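What you see below is based on every heavy atom in this structure, not just the backbone, and it leaves out hydrogens, waters and symmetry mates. Keep in mind that what you see is a predicted model, and the values were worked out from it rather than measured.
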Amino acid sequence: MAPKLEQWEIKKYWEIFSGLKPVDNKLSGDKVSVVLKNSKLSDDKLTQIWNLADIDADGNLDFEEFCICMRLIFDLVNGNLSVLPTQLPEWLIPSSKSHLIQANKALSGQDQTQRYSDSEDEDTQGAQFDWYISPGDKSTYEQVYNSAADRFGRITFDSLSGLYSTLSNVPDSDARFAWNLVNPRSSETIDKDQTLVFLHILNQRESGKAMPRGVPASLRATFNKETPDYSLDSHQANIQQSKPASKHSFADNYLERMGGSGLAKNTKGTDFSATQGTDWEEVRLKRELEDLEQKVAQAEAESERRRSERTNGSSTNKTLQVRRELEQLLDYKQKQLVQDSKASDVSEVAADIDTVESQVQVLEQYLQQKKDELNSLQSQIAQLKA
């Protein structure tokens, strides 16, 4: 029984992958190196593992490539694998990247598959192959593109699986070879211009034309984000207008089926899409939710701080204003009291003084009377002692 990646295993790899904080769902070599070096494997083996795992050769590992890397490491460490394979086994190839593997194999095994030579364009066209794209064909290709493009305007090889099944003269190897011709960087997706050229190669192959050896230099600008010329006056690669299309046009069956049950799917290799909805997917969503909640909390805290500063500033201003008003009122009262004191009747003050003087005289008389009584008592005491 062939080995395979189990769901619990993929979940474990996801926990490690997400813990390394990928950027744009990819990990750089610096981040992955920590895990690689912990395996205690030699640098040569780690380099081989990286080269096998980095299928699209972009210098980073997405989650599928990271799973490949981890499985190879664990198999070596656990003794399940004694020697690293020169090529990935089919069971370990993600279905989303199988076209890259097969296209690279096709290229490396054939003389006519040199990629975009900078030499003259001689021998870049297959026998009878016509690079001219008529307005009618272009319209059909655009319909196919619009039916399969994602929200970013990109196309994957598998997104057109439903089209391949309608082509009787285009074997899978030819379709993958054509994909590789328009995809020199071995990316997972291609843009609209690349898709139109890719569909044109399939259309020509379906109509019995030989596969081209390469892409003319005039079309290579398309893949460098320059705008190709699809007009009737185009002279790309010494193009000659093709014969009128047959009654049964390219992709008719495919476009008619688009409203039906959908596209057929390529089931080769490991299908990581089956893991959607499992725990590791939940972990990713929870982590994204936590990040969003943290950002919202920070924004709310900052908003509250600013509102508090505005409130405190307003309260302080009001307190200072009330204090100034009270100080002004106190000053007014003091001035009024002084003025009232100055304005009082002098006669009333004199009467008060006379009253006080009379009271003092009465108290002095009372004091003298008490002194006399004291002297009398003292004399009586002295006589008694004698």
Side-chain angles (χ1 to χ4, degrees), residues 1-105 107-108 156 158 185-189 266-291:
M1 180 177 180
K4 66 176 182 177
L5 283 173
E6 302 289 348
Q7 296 305 310
W8 64 266
E9 188 177 5
I10 295 176
K11 174 184 175 181
K12 179 175 66 176
Y13 296 157
W14 172 256
E15 292 174 351
I16 300 174
F17 182 83
S18 59
L20 294 175
K21 299 188 181 303
V23 177
D24 295 331
N25 297 319
K26 291 189 175 184
L27 291 175
S28 64
D30 292 338
K31 291 184 177 180
V32 179
S33 65
V34 178
V35 178
L36 296 180
K37 292 178 180 179
N38 285 340
S39 67
K40 307 300 182 183
L41 296 174
S42 65
D43 290 343
D44 290 342
K45 288 185 177 180
L46 293 178
T47 300
Q48 293 178 49
I49 291 174
W50 177 275
N51 291 335
L52 288 170
D54 188 14
I55 296 175
D56 54 14
D58 64 350
N60 299 291
L61 297 184
D62 59 22
F63 178 57
E64 293 177 342
E65 294 170 333
F66 183 76
C67 287
I68 297 171
C69 180
M70 294 302 296
R71 179 57 186 265
L72 291 174
I73 288 177
F74 277 114
D75 281 351
L76 282 175
V77 172
N78 295 329
N80 298 328
L81 192 65
S82 57
V83 180
L84 284 170
T86 57
Q87 296 179 345
L88 284 177
E90 185 174 346
W91 65 268
L92 198 52
I93 299 175
S95 58
S96 63
K97 294 180 174 61
S98 60
H99 65 282
L100 297 177
I101 299 292
Q102 295 191 23
N104 288 332
K105 287 180 179 178
L107 284 176
S108 61
T156 65
D158 288 339
R185 298 182 180 180
S186 298
S187 301
E188 292 186 15
T189 60
N266 187 353
T267 57
K268 288 187 177 180
T270 301
D271 186 3
F272 286 86
S273 64
T275 62
Q276 294 180 357
T278 56
D279 291 344
W280 64 263
E281 180 71 9
E282 183 179 350
V283 170
R284 180 181 67 81
L285 294 176
K286 285 184 177 179
R287 180 167 60 82
E288 292 180 355
L289 178 60
E290 289 175 357
D291 291 342

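Glu64 CD to Tyr13 OH: the interatomic distance, rounded to the nearest 0.5 Å, is 14.5 Å. Rounding to the nearest 0.5 Å places CZ of Arg71 at 12.5 Å from CD1 of Ile49. In this structure, CG in Leu46 is found 9.5 Å from CD in Gln48, a value given to the nearest 0.5 Å. Summarising the geometry, atom CG belonging to Asn25 is positioned 13.0 Å from atom CG belonging to Leu61; distances are rounded to the nearest 0.5 Å.
The closest side-chain heavy-atom distance from Ile55 to Leu88 is below 4.5 Å. Contact annotation: the side chain of Pro94 approaches that of Ile68 to within less than 4.5 Å [non-hydrogen atoms, C-beta and beyond].
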Leu72/Leu76 under side-chain contact (heavy atoms from CB on, under 4.5 Å): CA gap, chis, key distance, verdict: CA-CA 6 Å; Leu72 291 174; Leu76 282 175; 5.6 Å; no
Tell me, with the steps shown, if Phe74 and Asn80 meet side-chain contact (heavy atoms from CB on, under 4.5 Å). CA-CA 8 Å; Phe74 277 114; Asn80 298 328; over 6 Å; no
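With hydrogens and angles disregarded, a donor-acceptor distance shorter than 3.5 Å links the side chain of Asp54 to the backbone of Gly59.
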Enumerate donor-acceptor pairs with a distance under 3.5 Å from any side-chain N or O in residues 30-39 to protein atoms, sequence neighbours excluded.
{"residue": "Lys31", "atom": "NZ", "partner": "Lys21", "partner atom": "O", "Å": "2.5"}
{"residue": "Ser33", "atom": "OG", "partner": "Asp30", "partner atom": "O", "Å": "2.6"}
{"residue": "Asn38", "atom": "ND2", "partner": "Val34", "partner atom": "O", "Å": "3.1"}
{"residue": "Ser39", "atom": "OG", "partner": "Leu36", "partner atom": "O", "Å": "2.5"}
{"residue": "Ser39", "atom": "OG", "partner": "Leu41", "partner atom": "N", "Å": "3.4"}

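Between Pro22 and Leu27, the closest heavy-atom pair is CA-CD2, 3.5 Å.
Residues meeting the side chain to side chain donor-acceptor pair (under 3.5 Å) test with Glu188, sequence neighbours left out: Lys97. Under the side chain to side chain donor-acceptor pair (under 3.5 Å) criterion, Asp56 pairs with no residue at all, not counting sequence neighbours. Evaluation of the ring pair (Phe, Tyr, Trp, His ring centres under 6.0 Å) rule for Phe17 yields Trp14, Phe63, Phe66 as partners, not counting sequence neighbours. For Asp58, the side chain to side chain donor-acceptor pair (under 3.5 Å) partners are Lys26, not counting sequence neighbours.
Among pairs with a residue in residues 78-87, none fulfils salt bridge (charged side-chain N to carboxylate O under 4.0 Å, His left out), at least two apart in sequence or across chains.
In this structure, Asn78 places its CG atom where more than 12 heavy-atom neighbours from other residues, nucleotides or ligands lie under 6.0 Å away.
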